Structure formats: C-alpha cells, structure tokens
Amino acid sequence: MATPVFDAPALPQGTLRVTPLGGLGEVGRNMTVFEYEGKLLIVDCGVLFPEEHQPGVDLILPDFEPIRKRLDDIVGVVLTHGHEDHIGAVPYLLKLKRDIPLIGSGLTLALVEAKLKEHRIKPYTLSVIEGQEEKVGPFDLEFIAVNHSIPDALAVAIRTPAGLVLATGDFKMDQLPLDGRLTDLRAFARLGEEGVDLFLVDSTNADVPGFTPLESSIGPVLDQVIGKAPRRVVVASFSSHVHRVQQVLDAAAAHGRRVAFLGRSMVRNMTIASDLGYLNVPDGVLIDYKKARDLPDDRIVYMSTGSQGEPMAVLSRMANLDHEIEPGPGDTVILASSLIPGNENAVYRVIDGLTKLGANVVHKGNAKVHVSGHAAAGELLYCYNILQPRNVLPIHGEYRHLTANAKIAQSSGVPVERTILAENGTIIDLRAGTASVVGQLDIGFVYVDGSTVGEITDADLKDRRILGEEGFISVIVVVDAATGRVISGPEIHARGFAEQDAVFDAVKPKIAAALAEAAQSGVRDSHALSQVVRRTIGRWVNQSLRRRPMIVPLVIEARLASRQDVRE
C-alpha cells in the first residue's frame with residue numbers, strides 16, 4: 001500500500017528539514033537533503049542497479065524533482081565514501097548545475113572526478129579529512145573517520161541552531177582494519193555528550209545478529225585458495241573494494257603469481273588507489289592482461305568486475321564464452337563479494353555457467369571469501385548506547401533492514417515515537433530536540449537507459465517485460481471505409497511463440513466477424529476498430545494458447561472505387 005502523499009508546511013524559522021530522496025526501502029540510490037534557512041545540503045548522491053523486472057535499464061537515479069528548481073540554494077554535496085550507491089548519480093546532478101561544490105575525502109573525490117571526466121565535467125571540490133570542521137552555508141560540518149569496505153569513509157556531523165545531526169554513511173566497527181583506520185568511537189562518544197538530536201544510521205546489516213567478522217579474516221582464505229589452485233585464478237569483486245584487491249595482490253605475490261586487472265572500472269579505480277597510496281602493489285606483481293596470456297596458467301590471477309552478475313561485466317562474459325579469457329577445467333573463480341538484494345538470480349546464473357565450463361567456483365556460500373562492510377546488530381546497539389540519540393532515522397536498506405534497526409534503537413532506550421520509519425520522500429522537521437514527519441513527496445524512479453535519462457517509464461518497462469515473457473503479435477486488416485467490410489486480411493505475424501503463424505488461421509474469421517458487427521453498429525473510426533481487433537485476438541490467444549502477448553493491431557481504411565468513379 002502506497003504511503004499517502006501530503007504537502008509539508010512552510011519551513012518554520014529555526015527548524016532543520018530532512019528529506020531522504022533515495023536509500024530507504026532499497027539498497028542503493030542513497031541521497032538525503034537537509035534544509036536550513038533556505039539553503040540545501042546534500043549528503044550522498046548514488047545510484048541503484050536495476051533488477052530483472054527492469055529490462056534494458058542501466059542505472060536508477062534518485063528523483064531530483066524536489067530540488068530541480070532550487071539548484072542555486074545547494075551549498076554543497078557531502079560524499080561519505082566512494083561506492084557507486086553513494087556517488088554514482090553525481091554526474092547527473094551536476095549536469096543540472098555544474099558548479100555545485102563536492103565535499104569528501106581524497107580517495108572519494110578522486111573516484112568522483114574520474115567518473116565526471118567521462119561526462120566532461122570538471123567539478124568544484126573540497127577535500128576533507130577526519131577531525132576537520134567546515135562551515136558550508138548555515139551548516140557547520142564535522143567529519144569523523146568510519147571503517148567500511150573502501151578506504152577513507154567518513155561520517156558527518158551537521159550542526160545548526162536546530163540541533164545536531166549525525167549521519168554515519170556506510171560503516172562498520174572492524175577492530176583490526178587492514179589500513180589501521182578505526183571507526184572513531186571517541187568522536188561518537190564526544191558527540192553523544194554534546195547531545196545528538198537526530199541519528200541517521202546505516203541499516204544494511206541491522207537484521208544480522210552479532211558483529212561483522214574482521215576483514216583480515218579473509219586474507220588467509222584467499223591465500224589458501226590461490227595457493228592450491230592448479231591453473232588460472234579469477235577473482236571477482238566490486239571495482240572499488242581496495243582492501244579486497246590488496247589481499248588478492250598479497251596472496252598472489254606470496255605464491256609467485258602475477259595479477260592482471262580486468263574491466264575498465266577496476267583498472268581505473270585501482271590506478272587511482274595506487275597513485276594515492278591506498279593500494280600497496282608489491283613490486284613486479286601487476287601485469288597487463290594482454291601480456292598475461294603468455295604466462296603459464298599457474299602463474300596468473302585475474303582481478304575482475306562482475307561479482308553481481310551484471311550482463312556486460314567481465315565475469316558474465318567469461319561465463320558466456322564472450323571474452324578472450326575462457327574458463328575451463330582446473331580454473332578457479334572466486335566471487336569475493338556479497339549479494340546485493342535483487343541480484344541473486346543473475347549471480348547464480350553466472351556460477352552455474354562457470355561450473356558447467358568446469359571451473360571451481362568459490363563464493364561466500366562455500367568459503368569465507370567475503371565479509372560485509374556494514375555494521376551488524378551488535379555494533380549498532382553499541383553505537384546507540386554510546387550516542388544515546390534523542391531521535392533516530394534508520395537509512396540505507398530495504399524495509400526489513402530499517403525495521404530491524406528501529407527495533408535495536410528502541411531496545412537501547414530510544415522511545416518508539418522518536419524512531420522514525422520513513423520512506424523516500426518523507427519530510428522530517430527537527431526542532432527543539434524533536435523530529436516529526438510533516439510531509440510526504442511523491443518520489444519515483446528515474447531510469448538511465450543508454451543516453452536517455454528519465455524518459456523511460458514504468459509503462460515502458462511493463463511493455464518490455466511483456467515482450468520478453470509473453471511475445472508479440474501484429475495484426476494488419478484493410479477495411480472498406482464506407483461499409484467497414486474486410487477487404488484484405490487479417491494478416492497475423494507473431495514473435496516469441498513456439499507455434500507457427502498458421503495457428504492463427506482459426507481466429508481470422510472471428511476478427512472479420514467482430515469488425516463486421518462493429519461496422520453494423522456504425523463504428524468507422526480506425527482506432528476504435530483497432531481496439532475491436534485487439535480484444536478479439538487477445539481473448540482468443542488467452543483462451544487457446546494461455547498467453548497474454550503484446551498485440552499491435554493496424555486497421556487501414558480504404559475507399560473502393562465505384563462504377564461512377566470509374567466512368568469519370
């Protein structure tokens with residue numbers, strides 16, 4: 001049941017307005033807008049990756065419509081870290097206004113700048129580090145180190161006279177991180193003493209009990225799998241997972257193997273990470289993938305994209321034998337990532353395809369080759385007890401994750417009425433220590449399909465699903481414009497049907513009879529006659545073939561020459 005849409009009142013003086021435009025009820029598309037004194041601050045601007053019921057879609061963006069007419073009021077976009085679900089929509093926002101300042105850590109901004117370069121946009125940026133404070137418009141910002149599956153992640157504390165807000169971004173509390181950079185719980189405790197009025201907290205693993213395992217526990221497993229592999233090794237991971245790539249490089253070096261990066265985003269991101277010092281590449285380990293083909297099979301590791309089963313990513317193309325590297329018996333493929341909800345079927349198809357080719361596929365289900373980058377329930381409870389926030393807004397997750405997070409907050413003592421289960425477009429006002437829902441926007445999906453943005457609708461996707469699942473039928477009929485009598489046809493062509501077109505011979509008399517009956521009733525409009533054809537053949541196909549295909553009827557009106565016309 002859809003949440004009723006209702007308008008928020010004008011923003012009262014001294015009130016902070018918070019509006020999530022993405023990231024609630026979904027894993028991705030993270031974006032939250034803060035408004036104070038007529039100025040807007042945005043935290044994160046990410047994309048959501050399409051599911052199987054969205055055929056042909058490349059990316060899904062947050063709905064910018066609520067801020068489209070207020071671009072001049074935006075004082076900055078804070079980017080908490082460099083994952084696509086937090087930075088991927090930045091180019092599309094900057095296409096609306098190119099001089100919106102971007103604020104983030106060094107690695108995050110480097111990844112965004114590389115992405116923007118492909119869109120020919122040179123951004124205005126402000127690089128910040130943990131502990132740094134910046135005043136941006138009416139917002140006083142403080143940046144806090146948090147640990148995640150990518151280096152340089154930051155939480156942000158937002159201070160205004162209306163209160164103190166803490167937004168975690170994505171985070172976990174790994175006590176032995178590979179880069180030695182801990183989530184700064186001392187800063188969390190200090191903010192708790194100051195008084196956190198609203199806590200926006202990552203919910204992705206809120207329904208997972210206990211604590212997220214250490215990232216360092218993955219290294220020995222990767223080392224063992226790579227060490228025992230008899231032939232080539234392919235490791236698939238997110239193209240921005242610097243820590244995982246570091247572990248693969250270290251394991252490869254330990255076993256005398258060299259590493260080749262596959263996939264444009266993997267090459268780009270790891271080059272950036274290496275140049276900035278976030279990735280330590282052992283001497284002589286990296287090799288260009290074209291030269292790697294000359295190495296013995298037991299001396300190479302390919303580090304690739306495609307861990308989510310994306311159709312055009314390297315791993316999917318390997319499974320379909322549509323890549324220069326064709327996996328076979330003795331090869332080892334490691335999927336070193338979690339499953340994003342909605343991608344399960346695509347990933348299992350890739351696993352099946354690789355297995356059928358003879359490869360040994362190692363994944364989270366049969367080996368400890370991945371740990372999450374998100375705080376589990378025990379870590380979240382720990383944070384709530386440290387911060388003791390007055391109000392809580394669970395963000396970043398599907399509805400079950402948000403609900404689980406809300407229950408953890410309540411178990412720590414946050415009152416039920418101060419725990420807000422919101423949706424994208426929910427408008428929340430913070431004033432005098434109290435957060436309350438004051439409005440609900442009608443927020444939609446914005447689809448990127450090739451070079452088009454926002455032009456594809458849900459109706460278009462429904463048509464694509466029907467075409468893919470039920471087939472297509474075209475019907476051409478020529479009728480006498482004067483009498484409505486069928487002159488030629490019906491000519492029927494079908495696609496996506498096992499049956500031959502001859503099977504439709506049985507329905508042709510029914511179409512002619514229906515058109516004759518309509519003509520006798522005085523129907524002459526070609527559109528109305530097309531609907532008669534659509535209903536007639538649609539009913540027959542449903543009853544006879546148990547299908548509901550897309551039907552495109554074309555009724556052509558022709559005027560027959562009379563004897564008088566011929567004499568003249």
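Note that the structure is a prediction, hence the values are computed from the model and not measured.
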[Y] and [X] side chains, donor-acceptor separation under 3.5 Å:
{"X": "Ser105", "Y": "Thr108", "answer": "yes"}
{"X": "Asn205", "Y": "Ser372", "answer": "yes"}
{"X": "Gln132", "Y": "Glu134", "answer": "yes"}
{"X": "Tyr278", "Y": "Asp152", "answer": "yes"}
{"X": "Asn269", "Y": "Ser239", "answer": "yes"}
{"X": "Asn424", "Y": "Glu26", "answer": "yes"}
{"X": "Asp44", "Y": "Thr80", "answer": "yes"}

Let's go through Ile427 and Leu441 carefully: what are the C-alpha distance in whole Å and the side-chain angles of both, what is the deciding distance for side chain to side chain contact (heavy atoms under 4.5 Å, CB included) to 0.1 Å, and is it a yes or a no? CA-CA 7 Å; Ile427 302 173; Leu441 301 173; 3.9 Å; yes
How about [atom1] on [X], more than 12 heavy atoms from neighbouring residues, nucleotides or ligands closer than 6.0 Å, or not?
{"X": "Tyr382", "atom1": "OH", "answer": "no"}
{"X": "Lys69", "atom1": "NZ", "answer": "no"}
{"X": "Lys117", "atom1": "NZ", "answer": "no"}
{"X": "Phe6", "atom1": "CZ", "answer": "yes"}
{"X": "Gln13", "atom1": "CD", "answer": "no"}
{"X": "Asp7", "atom1": "CG", "answer": "no"}

Could you grab the distance from atom CD of Glu215 to atom CG of Asp179, nearest 0.5 Å is fine?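 Reported value, rounded in 0.5 Å steps: 9.5 Å.
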Measuring from atom OH of Tyr348 to atom NE2 of His363, what distance do you get when rounded to the nearest 0.5 angstrom?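 Reported value, rounded in 0.5 Å steps: 7.0 Å.
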Minimum heavy-atom separation for [X] to [Y], with atom names?
{"X": "Cys45", "Y": "Leu79", "value": "N-CD2, 4.1 Å"}
{"X": "Ala422", "Y": "Leu402", "value": "O-CD1, 4.0 Å"}
{"X": "Leu61", "Y": "Ala89", "value": "CD2-CB, 4.0 Å"}

Using distance only, find each side-chain donor-acceptor pair of residues 35-42 under 3.5 Å and give its atom names and separation, not counting sequence neighbours.
unit_1: Glu35; atom_1: OE1; unit_2: Arg70; atom_2: NH1; d: 3.2
unit_1: Glu35; atom_1: OE2; unit_2: Arg70; atom_2: NH1; d: 3.0
unit_1: Glu35; atom_1: OE2; unit_2: Arg70; atom_2: NH2; d: 3.1

Could you pull out all residues at least two apart from Phe199 that satisfy ring pair (Phe, Tyr, Trp, His ring centres under 6.0 Å)?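 Testing Phe199 for ring pair (Phe, Tyr, Trp, His ring centres under 6.0 Å), a comparison that skips the adjacent residues, returns Tyr384.
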Evaluation steps, side chain to side chain contact (heavy atoms under 4.5 Å, CB included), between Ile420 and Val392: CA-CA 6 Å; Ile420 300 173; Val392 171; over 6 Å; no
Under 3.5 Å: donor-acceptor pair, side chain of [X], backbone of [Y]:
{"X": "Thr32", "Y": "Val43", "value": "no"}
{"X": "Gln246", "Y": "Asn280", "value": "yes"}
{"X": "Asp63", "Y": "Gly444", "value": "yes"}
{"X": "Ser411", "Y": "Ile408", "value": "yes"}
{"X": "Thr168", "Y": "Asp202", "value": "yes"}
{"X": "Asp197", "Y": "Val165", "value": "no"}
{"X": "Ser274", "Y": "Met270", "value": "no"}
{"X": "His241", "Y": "Arg244", "value": "yes"}
{"X": "Arg181", "Y": "Ala153", "value": "yes"}
{"X": "Asn391", "Y": "Gly433", "value": "yes"}

Please step through ring-ring contact (aromatic ring centres under 6.0 Å, His included) for the pair Phe171 and His81, ending with a clear verdict. CA-CA 10 Å; Phe171 84 112; His81 64 280; over 10 Å; no
Looking at Arg190 and Glu193, does any basic side-chain N land under 4.0 Å from a carboxylate oxygen?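 Salt bridge flag = no for Glu193 with Arg190.
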Less than 4.0 Å between a side-chain N and a carboxylate O, is that true for Glu379 and Lys172?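 Judged by the 4.0 Å cut-off on N to carboxylate O distance, Lys172 and Glu379 do not form a salt bridge.
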Would you mind reporting whether [Y] and [X] have side-chain heavy atoms less than 4.5 Å apart?
{"X": "Glu84", "Y": "Ser240", "result": "no"}
{"X": "Asp170", "Y": "His396", "result": "yes"}
{"X": "Asp85", "Y": "Arg29", "result": "no"}

Partner of Leu109 under side chain to side chain contact (heavy atoms under 4.5 Å, CB included), chosen from Val128, Thr125, Leu116, Leu126: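 Exactly one candidate clears the test, Thr125.
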Can you check salt bridge (charged side-chain N to carboxylate O under 4.0 Å, His left out) on Arg159 and Glu133, steps first, answer last? CA-CA 11 Å; Arg159 292 180 177 87; Glu133 298 183 16; 5.1 Å; no
Holding to salt bridge (charged side-chain N to carboxylate O under 4.0 Å, His left out), I want the full list of residues that pass it with Arg186, two or more places apart in sequence or in another chain.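 Salt bridge (charged side-chain N to carboxylate O under 4.0 Å, His left out) list for Arg186, sorted by chain: empty.
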